[in-house]
Amino acid sequence: MKGVLDELMVGRSFDYFQCFEAMVKYSVQEADLLLQVVEGFQTAAAVEGRLGEAHGIEGCCDELVRAALKAADEDFLPPIEREDVVELVVALDQITDELEKCIKHLFMYNVKRIEPDSVKMCRLIREECAILCDAMPLFRDFRKPKKLRKYAVRVDEIENEIDRLYLYAIHDLFADEVNTLRV
């Protein structure tokens with residue numbers, strides 16, 4: 001992690017855009033881990049062995065958050081508004097945090113099985129993270145939003161598909177399940 005933080009300093013300037021790119025790479029790593037966990041799920045106890053890995057990825061992202069917030073606080077003139085830096089850093093961090101939380105919940109709630117729709121949703125989430133990773137380098141030239149628009153449209157399409165899967169998965173759970181503990 002020290003190397004990543006060192007690379008963010010260009011002379012005496014903090015490279016916010018490289019920080020954003022590194023943050024979405026951690027989101028991809030966390031999404032990859034979540035996907036590995038759900039695709040290979042056997043027991044909640046087996047997930048326990050992956051919790052440290054998930055927390056480590058999330059911790060690296062947190063270090064980037066702290067570095068970016070410190071730099072934004074100290075920079076005389078950041079490349080974008082301080083409020084935008086803070087908002088973006090917090091939003092990107094939340095992606096990784098929520099992915100880690102999914103892995104934790106599999107263990108905490110002693111999940112017995114993974115529903116097929118859950119695996120589909122995790123694949124789509126992983127795809128969204130990869131799209132963000134592809135799009136983030138274009139953010140350096142944010143004055144040309146047309147290049148970024150196709151990525152935003154695709155993320156929106158995926159989000160709609162995840163929402164649809166979630167809607168029907170919850171509906172089916174309550175329609176077909178009499179085991180209230182499972183529900």
Side-chain angles (χ1 to χ4, degrees), residues 1-5 19-69 86-136 151-183:
M1 182 64 205
K2 179 76 170 135
V4 173
L5 289 173
C19 180
F20 303 151
E21 291 172 30
M23 289 182 76
V24 294
K25 286 178 184 174
Y26 285 124
S27 295
V28 171
Q29 286 180 21
E30 199 78 76
D32 283 339
L33 180 60
L34 175 60
L35 189 54
Q36 290 170 19
V37 167
V38 298
E39 285 182 337
F41 185 83
Q42 294 178 353
T43 65
V47 174
E48 184 178 15
R50 307 303 296 267
L51 294 178
E53 188 178 350
H55 188 66
I57 295 167
E58 188 271 335
C60 290
C61 195
D62 284 347
E63 286 188 42
L64 292 174
V65 171
R66 287 188 289 276
L69 294 178
V86 171
E87 189 175 339
L88 184 55
V89 165
V90 168
L92 293 174
D93 180 55
Q94 190 172 6
I95 296 168
T96 305
D97 289 348
E98 294 299 320
L99 291 166
E100 181 203 18
K101 202 182 296 183
C102 290
I103 297 168
K104 284 174 151 178
H105 286 171
L106 293 172
F107 174 73
M108 282 180 6
Y109 297 122
N110 199 24
V111 170
K112 302 297 182 201
R113 73 174 196 231
I114 301 292
E115 299 294 331
D117 283 340
S118 297
V119 176
K120 290 177 190 174
M121 283 186 259
C122 288
R123 287 180 183 142
L124 290 168
I125 290 167
R126 190 333 184 154
E127 184 180 343
E128 282 182 308
C129 289
I131 291 167
L132 286 175
C133 199
D134 291 344
M136 196 54 68
Y151 293 103
V153 167
R154 182 62 187 136
V155 166
D156 187 55
E157 291 169 354
I158 294 170
E159 181 183 351
N160 290 336
E161 178 62 13
I162 291 170
D163 288 346
R164 188 191 66 72
L165 284 169
Y166 181 75
L167 174 74
Y168 285 99
I170 297 300
H171 172 82
D172 291 347
L173 182 64
F174 281 90
D176 298 337
E177 189 62 49
V178 291
N179 181 344
T180 56
L181 182 59
R182 179 164 173 261
V183 169

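Counting from 1, the numbers follow the sequence of the chain as shown.
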Under the side chain to side chain contact (heavy atoms under 4.5 Å, CB included) test, which residues partner Val90, sequence neighbours left out?
-> Val86

What distance do Leu92 atom CG and Cys61 atom SG have between them, rounded to the nearest 0.5 Å?
-> 7.5 Å

Separation of Leu167 CG from Asp172 CG (nearest 0.5 Å) = 9.5 Å

Quick one: closest heavy-atom pair of Phe107 and Ala44, and the distance?
-> CD1-O, 3.3 Å

Between CG on residue Asp93 and CD on residue Glu98, distance to nearest 0.5 Å = 10.0 Å

Applying salt bridge (Lys or Arg N to Asp or Glu O under 4.0 Å) to Glu39 and not counting sequence neighbours gives Arg123

With Tyr168 via side chain to side chain contact (heavy atoms under 4.5 Å, CB included) - residues at least two apart | Arg164

Set of side chain to side chain contact (heavy atoms under 4.5 Å, CB included) partners for Arg126, sequence neighbours left out | Val28, Ala31, Asp32, Leu35, Ala130

Given side chains that start at C-beta, do those of Lys112 and Asn110 come closer than 4.5 Å, heavy atoms only?
-> yes

At what distance, to the nearest 0.5 angstrom, does NZ of Lys25 lie from CG of Leu132?
-> 13.5 Å

More than 12 foreign heavy atoms under 6.0 Å from CD of Glu87: is that the case here?
-> no

Does the side chain of Asp97 reach to within under 4.5 Å of the side chain of Glu30, using non-hydrogen atoms?
-> no

CD1/Ile125 to OG/Ser27 distance, rounded to the nearest 0.5 angstrom?
-> 11.5 Å

For Glu157, which residues count as a side chain to side chain contact (heavy atoms under 4.5 Å, CB included) partner, sequence neighbours excluded?
-> Val153, Arg154

Residues two or more places apart in sequence or in another chain: which of them pass salt bridge (Lys or Arg N to Asp or Glu O under 4.0 Å) with Asp117?
-> Lys120

Supply the atom-to-atom distance Leu34 CG to Leu106 CG, rounded to the nearest 0.5 angstrom.
-> 7.0 Å

Side chains of Val38 and Cys102 in contact at under 4.5 Å (non-hydrogen atoms) = no

Identify, with sequence neighbours excluded, every residue that meets side chain to side chain donor-acceptor pair (under 3.5 Å) alongside Gln94.
-> none

After noting the C-alpha distance and the side-chain angles of Thr96 and Gln29, does the key distance pass the side-chain contact (heavy atoms from CB on, under 4.5 Å) rule?
-> CA-CA 9 Å; Thr96 305; Gln29 286 180 21; over 6 Å; no

Can you give me every donor-acceptor pair (side chain of residues 51-59, partner residue at least two apart or in another chain, under 3.5 Å) with its distance?
residue, atom, partner, partner atom, Å
Glu53, OE1, Arg50, NE, 3.1
Glu53, OE1, Arg50, NH2, 3.2
His55, ND1, Glu100, OE2, 3.0

From CA spacing to verdict: side-chain contact (heavy atoms from CB on, under 4.5 Å), Ile114, Cys122 = CA-CA 11 Å; Ile114 301 292; Cys122 288; over 6 Å; no

